[in-house]
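A, B, ... follow the sequence lines: proteins, then strands. Residue 1 opens every chain.
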Number of protein chains: 2
Amino acid sequence: MANERVSGATVARLPNYLRCLIDLAANGAASVSSERLAELSDVNSATVRRDLATLGITGTRGVGYDVKYLVFQINAALGLNQAWPILVVGVGNLGRALANYGGLESRGFPIRALLDIDAALVGDVVAGVAIEHLDDLDAVVEREDVAMAVIATPAAVAQEVAEKLTAAGIVSILNFTATPISLPDEIEVRRVDLATELQILSFYQQRRTAARGGTGVPLTSAPALSAPS
Amino acid sequence: MANERVSGATVARLPNYLRCLIDLAANGAASVSSERLAELSDVNSATVRRDLATLGITGTRGVGYDVKYLVFQINAALGLNQAWPILVVGVGNLGRALANYGGLESRGFPIRALLDIDAALVGDVVAGVAIEHLDDLDAVVEREDVAMAVIATPAAVAQEVAEKLTAAGIVSILNFTATPISLPDEIEVRRVDLATELQILSFYQQRRTAARGGTGVPLTSAPALSAPS
DNA sequence: TTCTGTGAAATAGTTCACAGCG
DNA sequence: CGCTGTGAACTATTTCACAGAA
């Protein structure tokens with residue numbers, strides 16, 4: 001296969017390219033220039049060209065890239081030419097939100113199972129999927145042939161759940177809780193945390209406010225620091 | 001104020017340091033070495049030292065950093081010495097999940113308002129907050145003095161909602177929909193998209209599978225590409 | 001002696017700018 | 001002629017490694 005070593009930065013941009021390309025295709029565009037795709041994805045056009053070149057994807061000089069081919073190739077690079085069934089552990093509000101959100105199924109990640117430790121929930125059907133008990137994890141993984149899971153439990157049990165998932169054969173985990181989980185290197189984990197995102201926003205917002213002379217916001221400001229030499 | 005220019009990479013790590021430090025403090029640790037904090041945060045210790053130095057935070061040679069002081073300083077750097085009230089637009093499953101998730105309130109982001117366009121929802125109370133109509137946005141922003149908002153609507157209306165938020169005076173937005181929104185530079189926006197995260201996981205998973213000789217997974221593999229010279 | 005603070009080296013990622021293909 | 005593909009310059013970020021403070 002053609003891909004050498006694809007940088008993390010490149011990988012992170014691929015889903016965005018894909019989304020833009022799907023829009024373009026829906027609007028009937030047959031080809032697209034790196035310039036245009038760059039504009040839609042909010043990156044530099046050289047970056048687009050280099051990312052694609054890295055994947056071994058080639059365009060036509062003087063014309064651009066074939067939209068359909070590009071979609072196919074990026075899908076292939078991301079491993080999306082097949083659907084990846086997923087399971088969701090934790091059917092609280094968040095788990096339900098995920099189950100009812102059609103965007104996963106439509107983008108190639110059908111939710112095949114919902115698991116919880118609460119026996120009272122077992123058997124309830126959410127978005128067409130019956131909730132099963134976490135104790136049956138092994139059987140579920142085998143039955144549905146899933147390799148990816150989303151953890152939507154309370155943070156306190158995330159690590160424990162992650163270990164069970166790993167033991168059951170899950171190899172990629174999206175952790176939606178506030179605590180990071182640690183697993184062997186061969187398991188791929190990504191964490192998404194709302195509070196983290198808001199805190200980052202807060203940093204920039206605070207800075208902006210400070211730059212404006214601190215109008216309005218009554219910051220309990222830190223004691224002045226002696227700057228290091 | 002002591003902060004020169006803090007890199008985005010550094011800012012993104014601060015919430016993680018903070019979480020680790022709060023754990024340490026809860027366990028009674030009075031001081032922490034960069035080595036230990038690095039280990040907990042899964043980064044290199046030199047990175048920790050440099051990040052802190054960038055913020056003007058200084059430790060004690062031979063000892064480490066004072067945990068409580070560090071928490072205070074990072075909080076200050078992130079602008080978290082005050083609470084940032086937020087509002088959530090879109091009270092579907094996701095909006096409800098956010099409203100019921102205590103992790104935001106406890107980390108300094110109390111949800112002060114829930115807005116929706118569906119008149120049938122207006123007046124319902126979710127997690128102690130009454131749903132209001134999006135048309136009343138201006139009044140709500142003024143009344144609650146909020147500067148940050150989370151968009152949890154269907155993707156199709158995200159852009160429109162974002163513009164209304166901006167017009168109403170919101171300056172930081174967390175976009176939880178699949179489509180990016182574009183706004184003037186002075187508005188800070190972050191997008192979190194589930195499918196994007198899963199696609200990134202998929203890339204690494206596919207690669208791992210391929211490396212193992214493709215056992216099991218029946219990938220519709222792309223036609224072999226001629227590698228560029 | 002331990003652990004910070006930081007020059008300097010190394011690595012990663014972006015962008016320019018242009019030769020050259022279609 | 002327009003646009004790709006890519007050397008080479010540039011910028012950002014990480015990491016090493018060590019002088020020096022407590």
Here's a test for you: under side-chain contact (heavy atoms from CB on, under 4.5 Å), which of B/V88, B/V146, B/N100, B/L87 qualifies with B/I111? B/V88
OP1 or OP2 of [N] under 4.0 Å from side-chain N/O of [X]:
X     : N     : value
A/S45 : D/dC3 : no
B/Y65 : C/dG5 : yes
A/S33 : D/dC3 : no

At what distance, to the nearest 0.5 angstrom, does [atom1] of [X] lie from [atom2] of [Y]?
X      : Y      : atom1 : atom2 : value
A/T166 : A/I181 : OG1   : CD1   : 7.0 Å
A/E188 : A/I170 : CD    : CD1   : 14.0 Å
B/L194 : A/F176 : CG    : CZ    : 4.5 Å
B/L37  : B/D42  : CG    : CG    : 11.5 Å

Side-chain H-bond candidate by donor/acceptor type, A/R50 with A/T54, under 3.5 Å: no
Send over the distance from [X] [atom1] to [N] [atom2], rounded to a whole Å.
X     : N      : atom1 : atom2 : value
A/E35 : C/dC16 : CD    : C1'   : 13 Å
A/D51 : C/dT15 : CG    : P     : 11 Å
B/L37 : C/dG5  : CG    : P     : 13 Å
A/R5  : C/dT11 : CZ    : P     : 14 Å
B/L55 : C/dG5  : CG    : C1'   : 14 Å
A/L52 : D/dC3  : CG    : P     : 16 Å

All N/O pairs under 3.5 Å across the protein-nucleotides 11-13 of chain D interface:
none

Ignoring hydrogens and geometry, is there a side-chain-to-backbone donor-acceptor pair from B/S172 to B/M148 under 3.5 Å? no
Between B/T179 (side chain) and B/A155 (backbone), is there a donor-acceptor pair under 3.5 Å? yes
Show the atom names and distances, to 0.1 Å, of all donor-acceptor pairs under 3.5 Å that link a side chain in residues 18-30 of chain A to residues at least two apart or in another chain.
residue : atom : partner : partner atom : Å
A/R19   : NH2  : A/N16   : OD1          : 3.3

Would you mind building the protein contact string for nucleotides 15-22 of chain D? One character per nucleotide, 5' to 3', B for base within reach (heavy atoms under 4.0 Å), S for sugar-phosphate only, - for untouched. BBB-BBBS
